[in-house]
Amino acid sequence: MVFLNRIYTRGGDDGKTGIIGDIRLSKSHALIDAIGEIDETNAAIGVALAKITDPFCQDRLGLIQNDLFDLGADLATPFENKISSSLRITASQVERLELEIDRMNQDLPALKSFILPQGQGGIAELHLARAIARRAERALIGLNDSDITINAGIRCYVNRLSDYLFVMARWLGQKLEQEQLWEPRKGNR
C-alpha cells in the first residue's frame, strides 16, 4: 500500500524524478512522458465519471482507473526488476476489456460514418479520454527508442482502452440518444 505523508520532497527540483529501484531519470525522459500520459488518461476518465450517471459505466470506468494505477506502477518498475510483488498488467486485464467491448458493441448498430466526438452526460468526455489514451499509446510506442524495456501487455492494454472508451461513448450515446454521425461537407452547403 502507498503511504504519503508529504507531497513535496524537493527531490525533483533538479529536473529529475525517481522510479522504483532508486533510478533517477530526467523529467523529459520518454518513460516519464509515458507515465504522465497515462496519468492524464486516468484524470480524463475521472472527468467523464463526474458527468456519467449510468451505473454500468461508473463501475467499469472505476475498475479501469484502478488498472491505470497498476499500469503506472508497472511502467515505473523497470521490467528487469525481479521483485515478485511488482504490479504488472496481465493478459486477463486486456481480455476483460475485449469482452466488455464485445458486450457493449452487441447493442450498437453498425457504423456507417464516423462519430462526432460530442454529447452530454459524459459522452464528449469519453471521446476526449479516448483521444488522450491514443496519445498515451503513441508515447508508449516511443519507448521503443528508449533504454528501458517495458511489459508488452502495457501497450496492448492502452490500445484496447482507447477502443473501449470509443465503444462506451457510442454505447452511452445510443442509450441517451445523442450519437451524432459525421456528415461530409455539411458546412459547405
Side-chain angles (χ1 to χ4, degrees), residues 34-77 79 86-144 149-184:
I35 291 169
E37 297 291 356
I38 295 300
D39 186 37
E40 188 175 350
T41 301
N42 204 345
I45 290 170
V47 170
L49 271 168
K51 304 261 177 125
I52 293 171
T53 59
D54 181 84
F56 170 78
C57 293
Q58 290 174 333
D59 178 62
R60 305 327 292 169
L61 292 172
L63 287 174
I64 288 169
Q65 284 195 299
N66 277 283
D67 281 351
L68 288 174
F69 268 99
D70 292 350
L71 194 147
D74 191 341
L75 275 175
T77 306
F79 202 62
S86 297
L87 281 172
R88 298 290 180 207
I89 291 297
T90 65
S92 65
Q93 288 168 295
V94 176
E95 290 166 9
R96 188 188 78 233
L97 291 180
E98 291 172 348
L99 289 170
E100 291 175 12
I101 288 169
D102 293 343
R103 177 180 169 210
M104 288 184 289
N105 214 32
Q106 287 176 347
D107 297 337
L108 298 173
L111 278 173
K112 296 179 183 168
S113 181
F114 291 106
I115 304 298
L116 295 179
Q118 63 180 7
Q120 297 178 356
I123 298 166
E125 290 81 359
L126 285 170
H127 283 295
L128 181 59
R130 171 198 46 82
I132 294 168
R134 283 284 182 218
R135 188 174 68 226
E137 184 181 10
R138 291 190 300 273
L140 291 167
I141 299 304
L143 285 175
N144 289 339
T149 304
I150 65 166
N151 171 6
I154 291 172
R155 287 188 297 271
C156 294
Y157 185 92
V158 175
N159 186 19
R160 257 11 135 263
L161 177 60
S162 57
D163 295 336
Y164 185 100
L165 294 169
F166 174 75
V167 172
M168 182 176 275
R170 284 201 69 213
W171 186 85
L172 196 55
Q174 286 287 317
K175 185 175 181 179
L176 300 176
E177 298 179 0
Q178 292 188 38
E179 185 170 79
Q180 294 294 313
L181 298 179
W182 171 52
E183 297 176 41

- Query: For the atom pair CD (Glu179) and CG (Leu116), what is the distance rounded to the nearest 0.5 Å?
  - Reply: 9.5 Å

- Task: Check side-chain contact (heavy atoms from CB on, under 4.5 Å) between Ala44 and all other residues, then give those that pass, not counting sequence neighbours.
- Result: Ala129, Ile132

- Task: Please tell me if the side chains of Ile64 and Gln93 come closer than 4.5 Å, counting only heavy atoms from C-beta onward.
- Result: no

- Rounded distance [0.5 Å steps], CG in Leu172 versus CG in Leu165: 12.0 Å

- Mind checking what makes ring-ring contact (aromatic ring centres under 6.0 Å, His included) contact with Phe56, not counting sequence neighbours? Trp171

- Message: Taking the side chain as everything from C-beta on, heavy atoms only, tell me whether Ile115 gets closer than 4.5 Å to Leu181.
- Response: yes

- Does any non-hydrogen side-chain atom of Leu126 lie less than 4.5 Å from one of Arg130? no

- Message: I need the Met104 CE to Met168 CE distance, nearest 0.5 Å.
- Response: 4.5 Å

- Message: Do Val158 and Thr41 make a side-chain contact, defined as non-hydrogen atoms from C-beta onward lying under 4.5 Å apart?
- Response: no

- Pairs involving residues 109-119, ordered by first then second residue, that meet side-chain hydrogen bond (donor to acceptor under 3.5 Å, both in side chains) (sequence neighbours left out): none

- Item | Residue pair Leu68 / Leu161, side-chain heavy-atom distance below 4.5 Å | yes

- Note on the structure: Closest heavy-atom pair, Ile123 versus Gly173, reported as atoms and distance to 0.1 Å, is CD1-CA, 3.5 Å

- Task: Classify the ring geometry between Phe114 and Trp182 as parallel (under 30°), tilted (30 to 60°) or perpendicular (over 60°).
- Result: tilted

- What distance do Ile150 atom CD1 and Thr77 atom OG1 have between them, rounded to the nearest 0.5 Å? 12.0 Å

- Message: Once rounded to the nearest 0.5 Å, what's the spacing between atom CD1 of Ile154 and atom CD1 of Ile89?
- Response: 6.5 Å

- Message: Going by salt bridge (Lys or Arg N to Asp or Glu O under 4.0 Å), name the residues that satisfy it together with Arg135, two or more places apart in sequence or in a different chain.
- Response: Glu37, Glu40

Identify all side-chain donor-acceptor contacts of residues 94-103 below 3.5 Å with residues at least two apart in sequence or on another chain.
unit_1 : atom_1 : unit_2 : atom_2 : d
Arg96  : NH1    : Asp67  : OD2    : 3.3
Arg96  : NH2    : Asp67  : OD2    : 2.4
Glu98  : OE2    : Arg160 : NE     : 2.7
Glu98  : OE2    : Arg160 : NH2    : 3.2
Glu100 : OE1    : Arg60  : NE     : 3.3
Glu100 : OE1    : Tyr164 : OH     : 2.7
Glu100 : OE2    : Arg60  : NE     : 3.0
Glu100 : OE2    : Arg60  : NH2    : 2.3

- Query: Is there side-chain contact between Leu75 and Leu140, with heavy atoms separated by less than 4.5 Å?
  - Reply: yes

- Spatial distance of atom CD1 (Ile52) from atom CG (Leu61) [nearest 0.5 Å]: 5.0 Å

- Task: May I have the step-by-step check of side chain to side chain contact (heavy atoms under 4.5 Å, CB included) for Asp54 and Lys175, ending in yes or no?
- Result: CA-CA 10 Å; Asp54 181 84; Lys175 185 175 181 179; 2.2 Å; yes

- Sequence neighbours left out, what pairs pass side-chain hydrogen bond (donor to acceptor under 3.5 Å, both in side chains) with at least one residue falling in residues 42-52? Asn42-Gln65, Lys51-Glu125

- Query: Do Phe69 and Leu87 come close enough that some side-chain heavy atom pair is under 4.5 Å?
  - Reply: no

